[in-house]
Amino acid sequence: MCGIIGYVGHQEAAPILLDGLERMEYRGYDSAGIAVRTIDGLQVKKSKGRLQVLSDMVRGGADLPGTLGIGHTRWATHGEPNDINAHPHVSEGGNIALVHNGIIENYMELKDYLMSKGVKFTSETDSEVVAQLLEFHYNECHDILEAVGRVLRRIEGSYALGIISSDMPDALIAARKDSPLILGYGADGNYIASDVTAVIKYTREVAYMDDGEIAVITPDGINVFTSEMDPVEKEHKTVDWDVSAAEKGGYPHFMFKEIMEQPDAIRRTVFPRIRDGRVVLDDITITKEYLDSVTKVFIVACGSSYHVGMVSKYNWERLLRRPVEVALASEFRYSDPLVDENSLVIIISQSGETLDTMAAMREAKRRGGRILAIVNVVGSSIAREADDVLYTWAGPEIAVATTKAYSTQLALMDLVGLYLADLEGTVSAEEYAAVVEELQLLPEKMEKVLEKKEDIQYFASRYFNHNSVFFIGRNLDYAMGMEGSLKLKEISYIHSEAYASGELKHGTISLVESGTLVVGLGTYVPLFDKAMSNVVEVKARGAEVLAVTVESMKEKMEKNADAIVAVPDTHLVVQPSLGIVPLQLFSYYVALMRGCDIDKPRNLAKSVTVE
Ligand code: F6R
């Protein structure tokens, strides 16, 4: 939700902190701040608004000389976005500065306690409580590490913390529970960050902190301890993607770059997993024997990842001939879910850190379910806690609205569905071969769709000022429409809804009037004629129809649509992977024409680590 960075070393800290925050701004962007230990003690600068405001305020870091510091970019939870609620928070005595990502659930109780001891607070945040509590315990024991230990035993909730103190000239302290934090080992100093993207410019050598761990970072090394202060040997990992993967590289927006990167992202995710026409999932250990013991299959996720689950439900039920239940993680976790030791639970998450998804996974695990996670961020919490993990190799996704992560999740779910169906013996050799072939052709066909971007831009220019949009379709088109609708609403702020075409007549069609924009989805060929009748129904009520269909149906569709985009035909299972591309582009261009902040839409953040 928020982004944290910390540096201690032989370089000036402030420019490194600002650079790291810029790379993590997608995590939160309502305010930002940095604290540097200067020769005059701790200096803190923070400001409401985008990072640029802060950067200008400190002249790119020149105003804060020092080689030890922490920084934060915020997505407000407790207290409105303003200068005071921005991090870092400083203790009343000015001795401690701290950045926090997560939520301290018992902060009110701790705040009351500290106030009863005379501590004065300045902000409305839960995070300031941690800074004040730390100073309170430090004043008791005069040992910062011991004080951190005492604080961690008292706070409840989730946290990634970066702490500096004027009494600790050469070290910063980090702690983590249920909120991501990585350690970076550099030649000129060492780092902490919420995300690898913040430090990749400086080092590729990282370690992932685990829950309950505390780290002491100095210019020459990093020591990690358990909550009982026993030393921990961390495994170092090398990040294998290039810094340019996290930069715009000449594209106007990350979202556009990531849309255009989809064919390559699919190649990376799919191609190594197909050998001699067979799906090979080296990373998982599911056997036929295990699958025979499975009585329930769940797919659990949030947002776009949930929409991947919706598409996969149709595909897996078709291939596996068994019921698949798809659940929103935020509902599933509190629904007393019917998971037991015979349940296979698929968890889908780009970030691997979404709190609701993680909690749902833990709940499923507690009940005995076996977890197979589909994750993009290597080393993320979900990836580490799942029984099996399959990575989507989409590369870093920076735009808040997901595109290439969604596409790679979808393709990977097709592979897994096919793999399981083959184990089960529920898919014919012909269908297996056809899906494999079409997955291999997918990047090329996607490129053909991307070539139509100017047509889609033109349609966006025709429709960008509509204020209400319906995405209608049947079966896989309905599931795909859910994602198309989310894309449009989240970045262009246009109200839109996805509807199963056949359901419209049961109430919602009353909202269709002259000029209502309906995106009619007709890529699911078996129900094309049915979907077409629903398009005709809305047209008859005055709707303007933008249709997305397959080339083989284009002519039929043309009769009833006002505008049409046709994507190449492929196997049914794979078709949504092509159909979604024009919907992503349409949302992008509409948002562009409405002057929206595409990569950082209002009220949102990339990684949702709060409930
Ligand atoms: C929408 C979007 C979100 C995420 C959701 C889950 O464009 O990106 O709906 O899909 O917050 O995030 P992950 O996949 O990281 O668990």
Side-chain angles (χ1 to χ4, degrees), residues 1 3 26-28 75 178-180 194-195 197 253-256 258-259 262 265 299-312 326-333 345-362 371 373-386 389-392 394-410 412-413 479-493 496 498 580-581 583-588 591 596-611:
M1 233 48 251
Y26 66 89
R27 297 181 69 92
W75 185 85
D178 290 341
S179 192
S194 302
D195 194 325
T197 45
H253 296 96
F254 278 110
M255 184 181 178
F256 190 62
E258 288 160 7
I259 290 174
Q262 290 181 110
I299 302 177
V300 184
C302 299
S304 296
S305 298
Y306 167 77
H307 295 156
V308 170
M310 287 298 294
V311 171
S312 302
V326 192
L328 289 165
S330 54
E331 289 294 313
F332 179 87
R333 60 184 291 200
V345 183
I346 314 294
I347 297 286
I348 308 178
S349 176
Q350 185 283 128
S351 62
E353 300 290 350
T354 303
L355 189 78
D356 283 322
T357 310
M358 194 146 67
M361 174 181 77
R362 288 179 181 160
I371 312 295
I374 306 286
V375 176
N376 192 43
V377 177
V378 175
S380 54
S381 304
I382 290 175
R384 285 183 294 151
E385 288 183 33
V389 57
L390 286 171
Y391 284 109
T392 47
E397 193 179 60
I398 309 291
V400 165
T402 181
T403 51
K404 63 176 179 172
Y406 171 90
S407 293
T408 50
Q409 287 168 347
L410 210 54
L412 186 49
M413 284 296 280
M480 183 179 84
M482 293 172 106
E483 176 60 7
S485 166
L486 178 62
K487 283 285 86 71
L488 186 69
K489 72 183 109 185
E490 69 182 325
I491 61 167
S492 73
Y493 317 143
S496 86
I580 194 63
V581 177
L583 304 185
Q584 295 169 338
L585 283 167
F586 182 69
S587 303
Y588 172 78
C596 298
D597 192 345
I598 294 179
D599 285 337
K600 298 187 188 97
R602 71 182 177 207
N603 304 340
L604 297 176
K606 183 75 180 160
S607 168
V608 189
T609 53
V610 295
E611 205 173 324

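Just follow the structure's listing: the first ligand is 1, and inside any ligand the first atom is 1. Since we're looking at a predicted model, the values are computed, not measured.
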Would you say Ser349 and ligand 1 have an N/O pair spaced under 3.5 Å apart? yes
Could you tell me if any non-hydrogen atom of Ile382 lies under 4.0 Å from any atom of ligand 1? no
Measure across [X] and [Y] and return the closest heavy-atom pair with its distance rounded to 0.1 Å.
X	Y	value
Val400	Lys600	CG2-CA, 4.4 Å
Ile580	Met480	N-SD, 3.6 Å
Cys302	Asp356	SG-CB, 3.9 Å

Between Thr403 and Gln584, is there a side-chain donor-acceptor contact under 3.5 Å, judged purely by atom types and distance? no
Could you tell me, atom by atom, which parts of ligand 1 come under 4.0 Å of a heavy atom of [X]?
X	answer
Ser351	13 (P), 15 (O), 16 (O)
Lys487	1 (C), 7 (O)
Glu490	1 (C), 7 (O)

Going by an N to O cut-off under 4.0 Å, is there a salt bridge joining Arg602 and Asp597? no
Is the shortest distance from a Lys or Arg side-chain nitrogen in Glu397 or Lys404 to a carboxylate oxygen in the other one below 4.0 Å? no
Among protein heavy atoms, which lies nearest atom 13 (P) of ligand 1, and at what distance? Thr354 OG1, 3.2 Å
The protein heavy atom nearest to atom 11 (O) of ligand 1 is Val608 CG2, 4.1 Å
Partner of Glu490 by side-chain contact (heavy atoms from CB on, under 4.5 Å), out of Asn603, Leu604, Thr402: Leu604
Please compare Ser304, Cys302, Ala401, Gly303 and report which has the shortest non-hydrogen distance to atom 2 (C) of ligand 1. Ser304
Which is it for Glu353 and ligand 1 at heavy atoms under 4.0 Å: side chain, backbone, both or neither? neither
